[in-house]
Protein chains: 2
Amino acid sequence: MATSGKNGTPPAARQVPERCAQCTDRAERLFCNLPEEAIERFDEIAMQISYPSRSIVFEEGQRAAGIFVVCSGQIKLAATSRDGRTMILKIAVPGDVLGLTATLNDLPYEVTAETLEPCQIRSVRRRDFLEFLSHFGDVSRHTAQVIAREYHEVFLDARRLALSGSAAGRLAQLLLDWARTGSCGKPELRFTMALTHEELANMAGTSRETVTRLLNQFERDEVIARHGASISILRPVEMERMVG
Amino acid sequence: MATSGKNGTPPAARQVPERCAQCTDRAERLFCNLPEEAIERFDEIAMQISYPSRSIVFEEGQRAAGIFVVCSGQIKLAATSRDGRTMILKIAVPGDVLGLTATLNDLPYEVTAETLEPCQIRSVRRRDFLEFLSHFGDVSRHTAQVIAREYHEVFLDARRLALSGSAAGRLAQLLLDWARTGSCGKPELRFTMALTHEELANMAGTSRETVTRLLNQFERDEVIARHGASISILRPVEMERMVG
DNA sequence: TTCCCACTGTGATAGCCATCACACCTGCAT
DNA sequence: ATGCAGGTGTGATGGCTATCACAGTGGGAA
């Protein structure tokens with residue numbers, strides 16, 4: 001299976017600093033971009049962990065133990081039904097925070113988090129995190145905003161599944177949603193998409209074979225083009241039209 | 001069309017106090033249950049509005065102007081696709097906050113909010129709300145938790161749509177999800193469900209006729225019972241089994 | 001090289017269910 | 001009482017697509 005996700009990143013975990021206070025990527029990461037004072041406290045309560053590729057960070061149904069901040073690497077978030085169907089919710093990238101909503105609600109984790117490559121992750125236990133929030137008002141505001149963004153992403157998933165009538169529509173919408181969010185900020189009509197067809201199918205709510213057929217058809221119809229693992233959306237308008 | 005939602009409430013808007021500080025229902029409402037000081041400030045920035053039945057509070061795609069707290073009445077939250085399909089996200093009840101995520105993200109409202117009966121709503125403009133948040137750390141924490149709960153609800157929607165293979169599965173799952181969340185706290189296997197089949201279909205991602213057929217079948221198979229507008233889930237285990 | 005394994009491509013088939021069509025039922029307004 | 005409008009019950013039909021089956025492909029390991 002391909003092991004790198006939506007937008008190209010190095011296949012191995014980059015070295016990350018010992019402490020968040022020294023992290024140079026902080027500024028561009030919504031959650032991490034905290035006031036000095038808060039970051040220092042965060043460094044006290046956070047634990048730095050390295051996960052090998054293909055390991056489970058936490059599992060759907062486990063009572064939430066705390067939150068996980070992705071420092072490097074990619075992590076697949078997926079939920080499974082009793083009869084073995086899988087829904088891939090998203091591929092988390094550095095800067096994403098996992099387990100926030102379950103931790104705040106004191107509910108079981110909604111999904112299983114599995115590393116797709118070696119990952120560096122900082123984790124904070126539930127109790128410490130809640131205390132951290134109540135001490136730093138700014139952090140609560142950041143957190144609210146981070147969850148708001150996650151909400152929006154899941155909303156798009158639900159919307160796509162409910163409103164994009166056909167498999168073609170859902171796949172087209174998925175690619176458009178990706179092009180729009182561009183993995184980090186700016187929309188880009190060309191992006192690297194190294195998921196397998198099976199994984200795409202699990203995100204679009206369809207089957208592996210249908211994804212294969214549709215991608216080929218999109219290419220024949222010249223609404224997309226593929227060069228290796230990268231995809232260009234040639235005619236976004238045409239694509240919108242297929243959605244429903 | 002029936003005008004009362006999932007769990008029985010008076011058909012007309014109850015009288016609500018002039019100011020939140022005097023509201024007796026505050027304690028049991030996650031968002032409203034704020035410290036004294038915050039409530040007073042909230043009363044200064046909030047505007048009390050009465051909406052008649054079947055009026056639009058805000059529309060999908062409008063740039064977020066602010067948040068809306070439901071004081072009385074029921075409000076349908078729905079998204080529509082270009083070709084006229086409708087997804088009903090939820091029926092909001094008193095205590096729910098609308099437009100939070102769009103306001104925090106500074107994005108357009110994700111859904112259209114339409115009153116199902118006369119409603120009392122308190123609204124706060126975006127700018128005032130953000131300032132309010134930055135002044136009261138506690139409120140940010142509350143807000144984060146409220147959004148976390150909304151996240152969980154949408155997640156269940158997405159999950160249901162993606163993983164509950166058949167229409168029967170999705171409808172069964174929808175009823176189970178409702179029974180579990182019980183509209184306010186405790187799970188109840190019997191609840192009032194006065195939505196039309198059309199509306200149910202729009203929540204379960206299926207068609208009106210299929211909902212009719214399935215409800216009848218569920219009743220024939222004695223997994224549910226109906227008395228007027230109320231539904232009892234007789235055999236929840238059997239129901240889980242249908243989900244997938 | 002050779003094997004192996006995961007991934008991709010493609011046809012055939014069958015089943016689900018959206019859609020159309022129409023009957024019926026109820027409450028409500030005229 | 002009459003008609004109307006919105007909601008519900010039910011059959012017939014066709015299209016989409018999941019699923020099965022199997023062939024082709026390409027890269028990594030031995």
Side-chain angles (χ1 to χ4, degrees), chain A residues 1-5 11 53-54 76 81 83-88 116 160-174 193-220 224 226-229 231 242-244, chain B residues 1-5 11 53-54 76 81 83-88 114 116-117 160-174 193-220 224 226-229 231 242-244:
Chain A
M1 174 179 323
T3 56
S4 64
S53 185
R54 294 286 154 188
K76 179 171 81 173
S81 72
D83 68 345
R85 288 171 195 277
T86 298
M87 165 178 72
I88 298 180
L116 294 177
R160 187 170 54 241
L161 290 165
L163 295 183
S164 308
S166 63
R170 288 193 300 276
L171 183 58
Q173 183 70 67
L174 181 63
M193 203 281 310
L195 298 174
T196 66
H197 291 182
E198 173 95 37
E199 289 169 320
L200 265 180
N202 287 336
M203 303 186 82
T206 182
S207 69
R208 199 267 305 167
E209 295 90 330
T210 299
V211 167
T212 299
R213 284 187 250 263
L214 286 173
L215 285 179
N216 288 337
Q217 187 184 332
F218 288 175
E219 195 164 25
R220 272 203 305 282
I224 68 169
R226 281 181 288 181
H227 335 70
I231 287 194
M242 314 181 57
V243 171
Chain B
M1 174 179 319
T3 54
S4 63
S53 186
R54 293 285 152 190
K76 179 171 80 175
S81 73
D83 67 345
R85 287 170 197 274
T86 298
M87 164 179 71
I88 300 181
E114 178 189 359
L116 293 178
E117 49 186 9
R160 189 170 50 240
L161 291 164
L163 295 184
S164 307
S166 63
R170 289 193 299 278
L171 183 57
Q173 183 71 67
L174 180 63
M193 203 280 311
L195 298 173
T196 66
H197 291 181
E198 174 95 38
E199 289 169 319
L200 265 180
N202 287 336
M203 304 186 82
T206 180
S207 70
R208 198 269 304 165
E209 296 90 329
T210 298
V211 167
T212 299
R213 281 187 252 263
L214 286 173
L215 285 181
N216 288 336
Q217 189 186 332
F218 288 176
E219 196 165 22
R220 271 200 308 282
I224 67 169
R226 283 181 287 180
H227 335 70
I231 287 194
M242 315 181 57
V243 171

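Below, read A as the first sequence line, B as the second, and so on, with proteins coming before strands; counting in each chain starts at 1.
A donor-acceptor contact under 3.5 angstrom links the side-chain atoms of A:R213 to the base of D:dT19. Under 3.5 Å, the side chain of A:E209 and the base of D:dC20 form at least one donor-acceptor pair of N or O atoms.
The minimum heavy-atom distance between A:T206 and A:A167, with the atom names listed, is OG1-CB, 3.7 Å.
Comparing B:R220 and A:R85 along DNA chain D, the residue whose closest nucleotide (by nearest heavy atom) sits nearer the 5' end is B:R220.
If you take CG of A:L161 and P of D:dT17, they are 13 Å apart, rounded to a whole angstrom. As rounded to whole Å, 14 Å separates atom C1' of D:dT8 from atom CG of B:L214. What separates CG of B:L195 from C1' of D:dT8 is a distance of 15 Å, to the nearest Å. Rounded to whole Å, atom P of C:dA6 lies 19 Å from atom CG of A:L200. Residue B:E198 contributes atom CD, which lies 15 Å from atom C1' of D:dG9 at whole-angstrom precision. Atom P of nucleotide D:dT8 and atom CD of B:E219 are separated by 14 Å, given to the nearest angstrom. A:N216 places its CG atom 17 Å from the P atom of C:dC7, with the value rounded to the nearest Å. Spacing between atom CZ of A:R54 and atom P of C:dA6 amounts to 11 Å, rounded to whole angstrom units.
Listed pair B:T212 / D:dT8 fails the phosphate criterion, with no side-chain N or O lying under 4.0 Å from OP1 or OP2. Between B:T206 and C:dA18, a side-chain N or O to OP1/OP2 separation shorter than 4.0 Å is present. For the pair A:S207 and D:dT17, the criterion of a side-chain N or O lying under 4.0 Å from OP1 or OP2 is not met. Regarding contacts with the backbone of D:dG6, every side-chain N or O of B:H197 stays at 4.0 angstrom or more from both OP1 and OP2.
The side chain of B:T196 approaches D:dG7 more closely than any other nucleotide in the set D:dT10, D:dA18, D:dG7. Distances from the side chain of B:R208 to the nucleotides C:dT8, C:dA12, D:dG9 place D:dG9 closest.
Under the 3.5 Å distance criterion, the side-chain polar atoms of A:R54 are left unmatched by any main-chain donor or acceptor of A:L116. A distance-only check finds no donor-acceptor pair linking the side chain of A:R160 to the backbone of A:Q173 [under 3.5 Å]. Looking at B:R170, its side chain does come within 3.5 Å of a backbone N or O of B:G205 through a donor-acceptor pair.
Atom CG of B:N202 is separated from atom CZ of B:R208 by 12.0 Å, given to the nearest 0.5 angstrom. Atom CZ of residue A:R226 and atom CG of residue A:N216 lie 5.0 Å apart, to the nearest 0.5 angstrom.
Applying the side chain to side chain donor-acceptor pair (under 3.5 Å) rule to A:S81 yields the partners A:D83; only residues at least two apart in sequence or on another chain are considered.
Listed by residue number, the members of residues 164-174 of chain B with any heavy atom below 4.0 angstrom from DNA chain C are B:S166, B:A167.
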